[in-house]
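All ligand and atom numbering here is 1-based and tracks the order in the structure. Predicted model, so just to flag it, every value in this text is computed and none were measured.
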Amino acid sequence: MQEEVLILGGGVAGCAASIALARNGRSVRLIEREPTSRHKVCGEFLSGEALEDLRALGIDVASLGAVPIDYVRLAAARRAAEAPLPFPAASLTRKALDRALIAEAIAAGVHVECGRSVQALASTTGNLWRATLDDGATRQAPTVFLATGKHDLRGYTRPKDPEQWVAFKMYFRLVAAQAAELANASELMLYPGGYGGIQPVEGGVANLCCVAQKRHLARLGYRWENFLEKIQLDCPHLAMRLAGAEPLLPKPIAVTHIPYGYIRRTTEEGLYCIGDQAAVIPSFTGDGISIALHSARGAVSAYLAAQPAPLFQAKLRSALQAQMRLAEFAADGLNNSLARAVLPFCLRVWPGVMRVTARLTRVAAGNTAVGTQAVAS
Ligand SMILES: Cc1cc2nc3c(=O)[nH]c(=O)nc-3n(C[C@H](O)[C@H](O)[C@H](O)COP(=O)(O)OP(=O)(O)OC[C@H]3O[C@@H](n4cnc5c(N)ncnc54)[C@H](O)[C@@H]3O)c2cc1C
């Protein structure tokens, strides 16, 4: 059986696109390699735009237990400053979010195949795309949405990540006083070679998600315990948060190769690239999910309007470029030792700067017009 659209990857972008396409009467098959939703490396911050897009898809994050996030706090060296977020935000584990998205896709009539991994993608002479699965079976369609997130398909790889970033996520149960102080806040912590965020998620749990350049980890023997100890030494605010905390996973989840700043230049006819396969914004912005949803919505609009995929990809690129440049510039600042040394003295002005940066690094309303046709999402 052949559908009109094949979606490779059932994370945020893939599910969002599949739901919108199915609701617009298209036959869609989605292939996701994980048999069930699982924890993913992610700060799990949902920005205002992400919340709006999720609501439009029928995902009520509050009913899934999402924690409202009202403040952002920056901690560098021994200082911390906070600012109210200029938009509504929330946090929710990816396990819960991805599960809800897959369920919504099934309800919308998408043919979902979980536990099947795509090994190869090729265009055939009959203007079809053919995906080959792990057991050799194939699935064909005239149009493919590539949404495999951090994982590249052979032949469609993104550029190397020169800084060799490594990201970790660990859940903790904080002691009561620390949990109360963290409530409704997302905290960004700076340390040499990277940064990390801690915020509450559902179930009274805190998510610590951090990134570091590989060379810094090499000095620590690539050991999580050494890294965790070092970042607490460098950032006493984190040490305070984690004092007496109980780790909830046997070991952290980790991911490597994160090509921050990447925006796909072009694509082939009939192949729409969305989510992290389209653009990878620095994690501290907490904007990756929003971009994944935004790019999915734009690609669906483009497809329904018969806009060629290369044109969609070029429009998406120009819509995201300014936001990406600013985020990259800010990330360089966070990773600069001089900036880190100076930041504690600037913390009095920082809340204002954070408010502005938070606004500028999000997908602005005027940036959303990558497709033209109204989409029922
Ligand atoms: C350290 C870190 C922290 C982050 N924190 C935040 C944050 O707080 N807020 C935020 O908004 N964003 C954050 N992001 C970014 C966010 O996680 C991503 O931008 C977002 O998940 C991209 O969505 P996606 O659908 O492209 O990919 P994903 O959600 O990763 O989904 C891709 C899916 O494709 C599947 N897949 C992969 N390969 C195959 C294959 N071969 N065959 C079939 N299926 C396959 C995977 O199993 C997965 O389910 C963070 C990223 C990092 C690295």
Once side chain to side chain contact (heavy atoms under 4.5 Å, CB included) is applied, do any residues pair with Glu34, and if so which ones, sequence neighbours excluded?
Glu32, Arg38
Check side chain to side chain contact (heavy atoms under 4.5 Å, CB included) between Leu311 and all other residues, then give those that pass, not counting sequence neighbours.
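Once residues adjacent in sequence are excluded, the partners of Leu311 under the side chain to side chain contact (heavy atoms under 4.5 Å, CB included) criterion are Gln307, Pro308, Lys315.
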List ligand 1 atoms under 4.0 Å from [X], heavy atoms only on the residue side.
X: Val211; result: 1 (C)
X: Asp276; result: 18 (C), 19 (O), 22 (C), 26 (O)
X: Cys209; result: 1 (C), 3 (C)
X: Ala167; result: 1 (C)
X: Ile31; result: 43 (C), 44 (N)
X: Glu34; result: 47 (O)
X: Gly288; result: 10 (C), 11 (O), 12 (N), 15 (C), 19 (O)
X: Arg116; result: 43 (C)

Nearest neighbour of [atom] from the list [options], on a heavy-atom basis:
atom: atom 20 (C) of ligand 1; options: Glu49, Lys40, Arg94; value: Arg94
atom: atom 35 (C) of ligand 1; options: Gln277, Glu32, Gln119, Glu44; value: Glu32
atom: atom 16 (C) of ligand 1; options: Gly43, Ala17, Cys42; value: Cys42

Test Phe145 against Leu8 for side-chain contact (heavy atoms from CB on, under 4.5 Å), laying out the working first.
CA-CA 6 Å; Phe145 281 40; Leu8 312 183; over 6 Å; no
Before accepting this row, confirm whether a basic side-chain N of the pair [X]/[Y] lies closer than 4.0 Å to the acidic partner's carboxylate O.
X: Glu4; Y: Arg29; result: no
X: Arg297; Y: Asp53; result: yes
X: Glu181; Y: Arg241; result: yes
X: Arg116; Y: Glu113; result: yes

Protein heavy atom at shortest distance from [atom]:
atom: atom 30 (O) of ligand 1; value: Lys150 NZ, 3.7 Å
atom: atom 42 (N) of ligand 1; value: Val118 N, 2.9 Å
atom: atom 23 (O) of ligand 1; value: Ala292 CB, 3.6 Å
atom: atom 31 (O) of ligand 1; value: Gly11 CA, 3.3 Å
atom: atom 11 (O) of ligand 1; value: Ile289 N, 2.8 Å
atom: atom 52 (C) of ligand 1; value: Ser283 OG, 3.2 Å
atom: atom 34 (O) of ligand 1; value: Gly9 CA, 3.3 Å
atom: atom 37 (C) of ligand 1; value: Thr148 O, 3.4 Å

Would a distance-only check, ignoring hydrogens and angles, find a side-chain to backbone donor-acceptor pair under 3.5 Å from Glu44 to Ser91?
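No.
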Under 3.5 Å, is there a donor-acceptor pair between the side chain of Asp161 and the main chain of Ile258?
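A pair under 3.5 Å: yes.
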Specify side chain, backbone, both or neither for [X], according to which of its non-hydrogen atoms lie closer than 4.0 Å to ligand 1.
X: Ser117; value: both
X: Asp287; value: backbone
X: Arg33; value: both
X: Ala147; value: backbone

Angle between ring planes, [X] versus [Y], binned at 30° and 60°: parallel, tilted or perpendicular?
X: Trp165; Y: Tyr195; answer: tilted
X: Tyr303; Y: Tyr272; answer: perpendicular
X: Phe168; Y: Trp224; answer: tilted

Are Ala50 and ligand 1 in contact, using a heavy-atom cut-off of under 4.0 Å?
no
Contact summary for Ala239 and Gln232, nearest pair of heavy atoms:
CA-OE1, 3.3 Å
Would one find an N or O of [X], backbone or side chain, under 3.5 Å from an N or O of ligand 1?
X: Ile258; result: no
X: Phe45; result: yes
X: Ala13; result: yes

Give a yes or no on whether Val118 and Ile274 share a hydrophobic cluster (residues Ile, Leu, Val, Met, Phe, Trp, Tyr; joining criterion: side-chain heavy atoms under 4.5 Å apart).
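Per the 4.5 Å side-chain linkage, Val118 and Ile274 are not co-clustered.
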Going hydrophobic residue to hydrophobic residue with side-chain gaps under 4.5 angstrom, can you get from Phe312 over to Val5?
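Yes, one cluster joins them.
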Taking the ring centre of each residue, are Tyr171 and His39 less than 6.0 Å apart?
yes
